[in-house]
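Throughout, numbering of the chain's residues begins at 1 and tracks the sequence.
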Amino acid sequence: TKPSLDQVNPELDSRFIKLDFDNETSFDGWVTLGSLGNKMKIVLPLKSTSHFNKLQGCLKQGMRLSNKNITLMKEEEVKERESGKTLGLDIGATTLASLSDDHVTTKDNHGHDLNSINKSLSKKKRGSKSFARTQTQRKHYVNWCVNRINFDDVKELKLEKIKNLKRGRNVGRYLNHWTYTEIQGKLEQKCESLGVQVTYVSPTYTSQRCSSCGWVRSSNRKRKLFKCDSCGFHLDADLNASRNIATPLR
């Protein structure tokens, strides 16, 4: 059978369109649709929405077409911040994010966190409607948590450089639903929009090193509790790791 293209919205770049918002007609603007070689031209009037008028930035020479609407896009140039503090952030399988300023993500208004959502996913059949709904719930929870992080006085965010974490390993059904890359991508997107620089550091010993005295030993960490065998310093293990990420070993 042939694929259905009814729901496909084509995106056109500057080769195929020309936008004109400097006119004296009753319309807000005009768009000229063309083809390669300029063998065909279609001129259409535009009426912009109040939301579009409030957006800041430069108008991109491109648009998306649908059956009833034309979607235009604006691009805002964000400069990297020159002053502010550096935050370390540890992404966890149970607690989504723990930061070096002692901020940790919590349960949402419905009493769910990343741990409970991943447990729910591990019990559902892949491809089922309930599995898809829970995946959407996880995505919304990730967005909710990232949007609640305060980046007002932050110049740099440091994350662990983790790749291929689950490749070649039997991590079980629960950890198989831990989406490190999804959380990382949302953080990068948020920081880019705010001008916060994202830096990646080596994850070596971040979970075993004492953020108070620097003593490294695997026995320091016992699940969610970190207690240094040398100086006795104790803290939530993810918070301790976030402090080490903020100030990595040299």
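- With hydrogens and angles ignored, the 3.5 Å screen pairs a side-chain donor or acceptor of S35 with a backbone N or O of M40.
- Follow the hydrophobic side-chain contacts under 4.5 Å out from Y200 and you reach L187 in the same cluster.
- With rounding to the nearest 0.5 angstrom, the NZ atom of K155 is 7.0 Å from the CD atom of Q197.
- Residues that satisfy the salt bridge (charged side-chain N to carboxylate O under 4.0 Å, His left out) test with D236, not counting sequence neighbours, are K224.
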(request) Determine, stepwise, if the pair D153 / R81 fulfils side chain to side chain contact (heavy atoms under 4.5 Å, CB included). (result) CA-CA 9 Å; D153 191 30; R81 297 178 180 177; over 6 Å; no
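- Separation of atoms SG (C145) and CG (L96) is listed at 5.0 Å; rounding is to 0.5 Å.
- More than 12 heavy atoms of other shown residues, nucleotides or ligands fall within 6.0 angstrom of atom CH2 in W144.
- The closest side-chain heavy-atom distance from K190 to I149 is not below 4.5 Å.
- From T86, atom OG1 reaches atom CG of L157 across 9.5 Å, with rounding to the nearest 0.5 Å.
- Atom CG of D22 has 12 or fewer heavy atoms from other residues, nucleotides or ligands within 6.0 Å.
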(request) Applying side chain to side chain contact (heavy atoms under 4.5 Å, CB included), run through D113 and T95 and close with a yes or a no. (result) CA-CA 8 Å; D113 57 11; T95 302; over 6 Å; no
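- The environment of E192 atom CD is sparse: at most 12 non-hydrogen atoms of other residues, nucleotides or ligands sit within 6.0 angstrom.
- Side-chain contact between K186 and N143: present, with at least one pair of heavy atoms (C-beta onward) separated by less than 4.5 Å.
- Residues F151 and C191 have side chains in contact (heavy-atom distance under 4.5 Å, counting atoms from C-beta outward).
- To the nearest 0.5 Å, the span separating CD on Q135 from CG on L121 amounts to 6.0 Å.
- Residues C213 and C231 approach most closely at SG-SG, 3.6 Å, considering heavy atoms.
- W30 and I42 fall into different hydrophobic clusters, where Ile, Leu, Val, Met, Phe, Trp and Tyr residues are linked whenever their side-chain heavy atoms come under 4.5 Å apart, directly or through other members.
- No single ILVMFWY cluster, assembled from side-chain heavy atoms under 4.5 Å apart, contains both Y205 and W215.
- Under the 3.5 Å distance criterion, the side-chain polar atoms of S100 are left unmatched by any main-chain donor or acceptor of R243.
- With rounding to the nearest 0.5 angstrom, the NE2 atom of H140 is 11.0 Å from the NE2 atom of H110.
- Between the side chain of T134 and the backbone N or O of S130 there is at least one donor-acceptor pair closer than 3.5 Å.
- Residues V142 and L99 fall within the same hydrophobic cluster, defined by Ile, Leu, Val, Met, Phe, Trp and Tyr side chains chained together at heavy-atom separations under 4.5 Å.
- Considering only residues two or more places apart in sequence or on other chains, E182 meets the salt bridge (charged side-chain N to carboxylate O under 4.0 Å, His left out) condition with R138.
- When side chains are defined from C-beta on, Y141 counts as touching L114, because their heavy atoms get closer than 4.5 Å.
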(request) For K107 and H112, run side chain to side chain contact (heavy atoms under 4.5 Å, CB included): C-alpha distance rounded to whole Å, both residues' side-chain angles, the deciding distance at 0.1 Å, then the answer. (result) CA-CA 5 Å; K107 294 182 178 180; H112 295 291; over 6 Å; no
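- The closest donor-acceptor contact from the side chain of D229 to the backbone of R217 lies at 3.5 Å or more, if one exists at all.
- Residues K85 and D101 share a closest heavy-atom pair of NZ-OD2, 4.1 Å.
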(request) Decide yes or no on side chain to side chain donor-acceptor pair (under 3.5 Å) for E156 and T199, but give the supporting numbers first. (result) CA-CA 7 Å; E156 180 183 16; T199 305; 2.6 Å; yes
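- Note: the hydrophobic cluster containing L72 does not contain V43 (ILVMFWY, side chain heavy atoms under 4.5 Å, direct or indirect links).
- Side-chain atoms of S230 and C210, non-hydrogen and from C-beta on, never get closer than 4.5 Å to each other.
- At distances below 3.5 Å, at least one donor-acceptor pair connects side-chain atoms of S202 with backbone N or O atoms of T204.
- Counting heavy atoms from C-beta on, the side chains of F233 and K227 never come closer than 4.5 Å.
- Panel note: side chain T206, backbone I245; no donor-acceptor pair is recorded below 3.5 Å.
- The neighbour count for K47 NZ, taken as heavy atoms of other residues, nucleotides or ligands under 6.0 Å away, is above 12.
- Residues D20 and T32 form no side-chain contact, since every pair of their non-hydrogen atoms from C-beta on lies 4.5 Å or further apart.
- Between the CZ atom in F226 and the CG atom in D238 there is a gap of 12.0 Å [rounded to 0.5 Å].
- In plain terms, the two heavy atoms of V154 and V196 that are nearest each other are O-CG2, 3.6 Å.
- Checked by atom type and distance alone, the side chain of N240 never pairs as donor or acceptor with a backbone atom of L235 at under 3.5 Å.
- Side chain of R148 to main chain of N150: no donor-acceptor pair is present (N/O by atom type, distance under 3.5 Å, no hydrogens or angles).
- Side-chain atoms of N244 come within 3.5 Å of backbone N or O of R209 as a donor-acceptor pair.
- Taking each heavy atom of S98 and V104 in turn, the nearest pair found is OG-CG1, 3.8 Å.
- Judged by distance alone, with hydrogens and angles left aside, the side-chain atoms of S128 form no donor-acceptor pair with the main-chain N or O of K124 at under 3.5 Å.
- The shortest distance between side-chain heavy atoms of K158 and L87 does not fall below 4.5 Å.
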(request) Apply the test side chain to side chain contact (heavy atoms under 4.5 Å, CB included) to residues L44 and V31: give CA-CA distance (whole Å), side-chain angles for both, the deciding distance (0.1 Å), then the verdict. (result) CA-CA 5 Å; L44 301 174; V31 58; 3.8 Å; yes
